[in-house]
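The analysis underlying the following values was restricted to heavy atoms, covering all of them including side chains, and did not include hydrogens, waters or symmetry mates. Because the structure is predicted, anything quoted here is derived from the model rather than measured.
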Amino acid sequence: MAESSPDPITEVVSSEDELLILVDESDRVVGQLSKGACHDGEGVLHRAFSLFVFNRAGELLLQQRSPEKRLWPLFWSNSCCSHPREGETMDGAVQRRLQQELQISSELHFLYKFQYQASYGDVGSENEMCWVYVGVTDDEVRPNPNEVGDHRWVTPARLDDEMDATPDIFTPWFRMEWRRVREADLSALAL
């Protein structure tokens with residue numbers, strides 16, 4: 001009897017044991033460490049990415065992080081965020097993760113990268129060199145419940161209002177990135 005492959009919508013796509021790419025402040029690779037160890041204490045600097053996916057109406061896809069997430073569970077965040085794997089291009093990593101988390105595709109455009117550190121109480125911290133991308137999709141979103149608690153589309157103006165009124169429901173990296181995304185020229189996206 002042939003083994004069936006896991007349902008892509010409910011597949012477990014990350015774990016505390018997966019290896020992350022450690023980098024220095026110039027984004028040069030200096031090693032690898034488990035995701036769990038990278039997020040302990042004040043965190044260890046590692047490479048990551050954040051994706052901002054819009055629809056043709058100009059609305060941004062937000063996701064509420066799964067309640068199973070160690071850091072910032074049930075917080076609202078940008079469309080998708082994760083880490084590249086050793087030997088994987090960043091372009092390959094961002095496309096892989098869009099499929100794994102949301103079952104969508106998008107032609108993504110690199111916007112900028114930045115380094116940040118944010119602590120989630122005494123549970124752990126993010127310490128990332130984060131590459132930020134933007135894109136557009138017409139695909140139906142089918143979130144993986146292991147990664148995503150909920151999702152919604154929101155206009156940029158509405159998101160600005162929500163961030164002003166209730167900033168603490170959003171992940172810290174999303175709040176930092178949104179300011180830069182808002183200031184960027186996104187005309188190439190043809191929204």
Side-chain angles (χ1 to χ4, degrees), residues 9-14 16 35 38-39 43 46 48-83 93-94 96-106 108-109 111-184 186 189 191:
I9 296 174
T10 59
E11 178 182 7
V12 174
V13 296
S14 65
E16 291 285 291
K35 182 167 80 170
C38 281
H39 292 156
H46 57 279
F49 56 82
S50 280
L51 312 179
F52 287 74
V53 179
F54 294 85
N55 61 22
R56 297 279 175 208
E59 297 168 314
L60 177 65
L61 175 61
L62 301 186
Q63 71 158 270
Q64 186 181 42
R65 292 168 56 82
S66 163
E68 304 306 314
K69 293 283 190 183
R70 174 180 167 196
L71 302 177
W72 290 277
L74 296 174
F75 280 65
W76 286 95
S77 199
N78 51 293
S79 308
C80 180
C81 50
S82 190
H83 311 94
V94 298
R96 170 183 54 80
R97 198 56 179 201
L98 271 182
Q99 281 297 314
Q100 290 176 332
E101 282 195 21
L102 303 165
Q103 298 287 292
I104 63 173
S105 61
S106 174
L108 295 163
H109 304 273
L111 196 58
Y112 73 100
K113 66 180 167 179
F114 76 114
Q115 180 181 339
Y116 78 96
Q117 191 278 341
S119 295
Y120 184 63
D122 60 359
V123 176
S125 300
E126 286 290 8
N127 190 349
E128 295 184 332
M129 179 66 70
C130 193
W131 298 42
V132 179
Y133 289 79
V134 295
V136 174
T137 192
D138 292 319
D139 295 352
E140 176 187 350
V141 177
R142 295 183 305 140
N144 180 331
N146 294 314
E147 298 294 321
V148 180
D150 198 1
H151 73 283
R152 61 190 170 107
W153 295 96
V154 63
T155 65
R158 173 68 188 250
L159 180 56
D160 290 342
D161 290 345
E162 288 183 26
M163 281 197 176
D164 287 344
T166 56
D168 293 339
I169 69 168
F170 298 100
T171 60
W173 60 89
F174 178 36
R175 293 191 315 260
M176 288 182 250
E177 294 162 350
W178 180 240
R179 287 190 292 259
R180 291 275 303 268
V181 170
R182 253 333 228 150
E183 294 169 358
L186 302 180
L189 298 180
L191 297 174

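When side chains are defined from C-beta on, V132 does not count as touching K113, because their heavy atoms never get closer than 4.5 Å. Side-chain atoms of W178 and L159, non-hydrogen and from C-beta on, do get closer than 4.5 Å to each other. In this structure, W72 and F170 have side chains that are not in contact, with every pair of non-hydrogen atoms separated by 4.5 Å or more. Two residues are said to be in side-chain contact when any heavy atoms from C-beta on lie closer than 4.5 Å; V53 and V136 fail this criterion. Residues V141 and L61 are in side-chain contact: their nearest non-hydrogen atoms beyond the backbone lie under 4.5 Å apart. Residues L102 and R142 are not in side-chain contact: their nearest non-hydrogen atoms beyond the backbone lie 4.5 Å or more apart. Taking the side chain as every heavy atom from C-beta outward, L71 and E126 approach each other to under 4.5 Å. Residues L111 and V181 are in side-chain contact: their nearest non-hydrogen atoms beyond the backbone lie under 4.5 Å apart.
Contact record, G58 with P156: O-CD, 3.3 Å, taken as the closest heavy-atom pair. Closest approach of G124 and R70 over heavy atoms only: CA-NH2, 4.1 Å. The minimum heavy-atom distance linking L60 with S79 is given by the pair CD1-OG, 3.8 Å. The two residues W153 and F54 have their closest heavy-atom pair at CZ3-C, 3.7 Å. Residues N144 and N146 share a closest heavy-atom pair of OD1-N, 2.8 Å. The heavy-atom pair separating R182 from A157 by the smallest distance is NH2-N, 4.0 Å.
Between the side chains of Q64 and H151, no donor-acceptor pair is found at a separation under 3.5 Å. In the model, S125 has a side-chain atom that pairs as donor or acceptor with a side-chain atom of S119 under 3.5 Å. Looking only at atom types and distance, the side chain of T137 has no donor-acceptor partner in the side chain of N55 under 3.5 Å away.
Judged as a side-chain contact (heavy atoms from CB on, under 4.5 Å), and not counting sequence neighbours, the contacts of R179 are M176. Looking at residues two or more places apart in sequence or on another chain, you find a side-chain contact (heavy atoms from CB on, under 4.5 Å) between E68 and S66.
Cation-pi geometry between R152 and W76 is met: under 6.0 angstrom from the ring centre, within 45 degrees of the axis. Annotation: cation-pi pair R180/F114 absent, no NZ/CZ under 6.0 Å from the ring centroid and within 45° of its normal.
Counting non-hydrogen atoms of neighbouring residues, nucleotides and ligands closer than 6.0 angstrom, the CG atom of D164 exceeds 12 such neighbours.
Screening Q115, H39, H83, Q117 for a side-chain hydrogen bond (donor to acceptor under 3.5 Å, both in side chains) with E128, the sole residue that qualifies is H83. Tested against E147, the residues Q100, R97, Q63 include a single side-chain hydrogen bond (donor to acceptor under 3.5 Å, both in side chains) partner, R97.
In this structure, the separation between SG on C80 and CG on L62 is 13.0 Å, given to the nearest 0.5 Å. Of the inter-residue distances, the one linking L74 atom CG with T171 atom OG1 reads 12.5 Å to the nearest 0.5 angstrom.
At distances below 3.5 Å, not a single donor-acceptor pair connects side-chain atoms of T166 with backbone N or O atoms of I169.
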Could you walk me through whether N127 and C38 pass the side chain to side chain contact (heavy atoms under 4.5 Å, CB included) test, one step at a time? CA-CA 8 Å; N127 190 349; C38 281; over 6 Å; no
Apply the test side-chain hydrogen bond (donor to acceptor under 3.5 Å, both in side chains) to residues E177 and S50: give CA-CA distance (whole Å), side-chain angles for both, the deciding distance (0.1 Å), then the verdict. CA-CA 8 Å; E177 294 162 350; S50 280; 2.8 Å; yes
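Between W173 and Y116, the ring-plane angle classifies as tilted under the 30° and 60° cut-offs. The aromatic rings of F52 and F174 lie tilted to each other, with the angle between the two planes from 30° to 60°.
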